[in-house]
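Data first, discussion second: the structure below is written as structure tokens.
Keep in mind that this is a model prediction, so the values were computed, not measured.
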Amino acid sequence: MTEQENLIEQLKKEPILEKPITRYFFLVTDNCINLMLKETGACSILINDNQIENNGITTNEFKNIISTLSIGSTNLSMFTFCPWLSTKKDNNVMVKFLKQEGIACETDAYKITYNKKEIENPNEFDKFKTAVEEFIKQKEPTYNPSDVKIPSVISIKEIEEKEVSWLISGYIPKGQISIMGGDGGAGKTTVWCSIAAAISSGKKAFFEPIIEQFEQCQPQKVLFFSSEDSLEYTLKARLRKAGANMSNIYSVPLTDDYFNEIKFDSPVLEKLIAEVKPTLCIFDPLQSFIPPDIQMGKRNEMRNCLNRLIGLGEKYNCTFLIICHTNKQTGVYGRKRISDSADIWDIARSVFIVGETAEHKRYLSNEKNNYAETGETAIFTIEDGVAVFDNYSNKKDQDFVRERDYNSYQAPQRQDAEKFILDFLKNGKKPTKDLDDAASAAGISKKTMERAKTQLRKKKILQVKSEGYGSTKIFYSYLLDNRSIP
């Protein structure tokens with residue numbers, strides 16, 4: 001029976017994980033140690049030296065050994081792998097491979113017999129077994145059940161039902177997490193400054209629907225943290241122009257020694273919220289306030305990190321608005337536009353995306369709303385650093401992204417058509433029919449020509465006029481900057 005077949009038989013024994021020792025899987029190059037480990041009850045398999053090369057684990061043989069563990073209800077996550085190889089170099093190669101594969105491992109199994117080589121002798125098995133058990137005991141978590149703190153359990157009957165309250169009617173729910181994403185330069189900072197200004201002064205946000213029985217809100221405190229824009233050179237001016245009540249706006253300067261201690265799950269953040277008591281707390285951008293040990297792309301890590309904010313929201317009646325960047329992949333919109341982590345979208349109760357329309361205006365699209373239908377998309381412009389409402393639209397980010405991608409695709413064709421028109425009319429006016437026929441002969445489609453003409457007319461370069469009447473009427477195209485035009 002081969003080494004791998006022996007392992008399979010060992011894993012088939014039930015219960016496979018009854019004792020802690022069975023959860024540790026040793027990878028060894030010494031056959032004597034391999035056999036002794038099996039006698040202790042641990043899982044072990046012999047690794048040949050030629051399976052480990054300078055550049056890492058390169059053969060499929062070891063991967064086949066790993067796949068052996070996928071038997072019935074047994075899988076890799078049940079084990080902690082313990083490389084115990086002949087050299088430190090080989091050990092490091094194996095550890096690197098295991099970590100790259102996302103497999104739990106211990107790096108110091110060699111310490112079991114460190115300075116105790118005599119216990120590697122089969123005649124000293126009892127001492128060897130004791131050393132292995134001591135190694136595992138040090139790795140196993142130990143606790144006194146009486147020391148375990150548990151949360152309070154209450155009957156759902158005791159819960160008072162409440163209607164959702166809105167910080168911004170129909171858009172941002174109170175005491176919850178909202179997300180705002182957008183490309184660089186889309187207007188995210190302008191929008192959140194306008195929101196902060198409205199809350200601080202007790203006024204409506206620029207995109208908030210007009211309600212006949214609108215109840216004037218009291219000015220409330222806003223706390224924000226920004227690692228991208230300067231308080232002195234950028235943010236104070238934007239807030240002032242947006243009409244903020246400056247006495248209700250609070251922040252921490254980037255130059256403060258403790259700024260980098262402000263993280264979503266840090267005690268520093270809670271102390272600041274408890275001290276300022278803001279109604280709204282803004283973070284810009286999200287990446288600056290994630291703890292360094294959190295990997296954004298790893299499922300559930302961001303959720304665990306942001307869960308802390310939910311508790312703070314309920315405890316201090318504070319609403320959170322987190323600003324993040326969106327990716328610029330072609331054809332991506334909505335949920336997939338929020339960078340790096342699906343957890344961010346999932347945990348937010350309301351999600352906005354800021355972008356630019358084909359008409360070079362801005363849009364604020366409510367892409368997700370857990371407590372109501374998504375709000376209408378607000379079209380706005382930015383004038384002197386202030387968001388100015390234009391109108392509402394039924395379009396969402398998906399529609400604007402598709403228009404943008406379509407226009408980007410069409411732009412080179414349209415630009416070529418514009419050059420063709422300018423060259424064709426450079427010597428003076430010509431019948432529009434001749435222009436269209438020449439463009440068709442050059443392989444330019446009718447739709448592309450229409451787009452090119454529209455663009456040149458917007459630029460006040462191209463004009464069309466008619467001469468004659470009835471059956472003799474002819475339309476001419478000409479360039480407005482051409483001096484030969486009568």
Side-chain angles (χ1 to χ4, degrees), residues 1-53 56-142:
M1 186 177 289
T2 66
E3 179 76 12
Q4 191 164 338
E5 288 171 339
N6 278 326
L7 175 62
I8 293 173
E9 289 302 313
Q10 185 181 3
L11 292 174
K12 285 181 178 178
K13 295 177 182 178
E14 297 291 346
I16 184 64
L17 301 178
E18 181 178 313
K19 299 178 181 179
I21 196 170
T22 61
R23 293 194 290 270
Y24 289 81
F25 194 104
F26 291 87
L27 306 171
V28 300
T29 50
D30 186 305
N31 191 40
C32 181
I33 292 177
N34 176 43
L35 295 174
M36 291 173 71
L37 280 167
K38 289 181 178 180
E39 286 296 317
T40 68
C43 291
S44 174
I45 194 166
L46 190 66
I47 301 295
N48 296 325
D49 288 333
N50 61 9
Q51 288 181 265
I52 305 171
E53 300 180 6
I57 309 300
T58 57
T59 66
N60 289 326
E61 186 175 353
F62 180 71
K63 292 183 180 180
N64 289 335
I65 293 170
I66 294 296
S67 68
T68 300
L69 296 178
S70 299
I71 301 172
S73 61
T74 306
N75 56 62
L76 290 178
S77 65
M78 292 182 176
F79 295 90
T80 296
F81 283 77
C82 305
W84 189 350
L85 308 181
S86 56
T87 68
K88 185 176 180 180
K89 181 179 179 181
D90 287 349
N91 229 57
N92 290 339
V93 170
M94 183 66 75
V95 168
K96 181 179 179 181
F97 169 78
L98 292 170
K99 288 184 176 179
Q100 286 175 343
E101 294 293 317
I103 300 171
C105 64
E106 294 290 346
T107 61
D108 56 350
Y110 68 91
K111 290 184 179 179
I112 293 173
T113 57
Y114 187 67
N115 288 336
K116 295 180 287 186
K117 288 293 181 181
E118 69 279 0
I119 70 172
E120 293 181 10
N121 188 321
N123 294 327
E124 301 290 340
F125 176 75
D126 289 342
K127 292 181 180 179
F128 178 85
K129 183 179 180 181
T130 299
V132 171
E133 290 174 344
E134 187 63 30
F135 170 80
I136 292 173
K137 183 179 179 181
Q138 292 174 1
K139 305 298 180 183
E140 285 289 297
T142 58

Sorted by chain and residue number, the side chain to side chain donor-acceptor pair (under 3.5 Å) partners of E120 (sequence neighbours excluded) come out as T113, K117

Worked verdict on L85 versus V28 for side chain to side chain contact (heavy atoms under 4.5 Å, CB included) | CA-CA 5 Å; L85 308 181; V28 300; 5.6 Å; no

Taken in chain and number order and not counting sequence neighbours, the residues that satisfy salt bridge (charged side-chain N to carboxylate O under 4.0 Å, His left out) with E124 are K127

When every non-hydrogen atom of N34 is compared with those of S44, the smallest separation belongs to OD1-OG, 2.7 Å

When rounded to the nearest 0.5 Å, the distance separating OH of Y110 from CG of N91 is 8.0 Å

Looking only at heavy atoms, the pair that brings F125 and M36 closest together is CE1-O, 3.4 Å

d(K96 NZ, T107 OG1) to nearest 0.5 Å is 15.5 Å

Value for OG1 (T130) from CD (E134), rounded to nearest 0.5 Å, stands at 9.0 Å

Paired with K129, the side-chain contact (heavy atoms from CB on, under 4.5 Å) test is passed by just one of T40, I119, L37, namely T40

Whether F26 and F135 hold their rings parallel, tilted or perpendicular, with breakpoints at 30° and 60°: tilted

Looking only at heavy atoms, the pair that brings P83 and E106 closest together is CD-O, 3.2 Å

Rounding to 0.5 Å, atoms CG (L46) and OG1 (T29) come to a distance of 7.5 Å

Sequence neighbours excluded, the answer for side chain to side chain donor-acceptor pair (under 3.5 Å) partners of D108 is K139

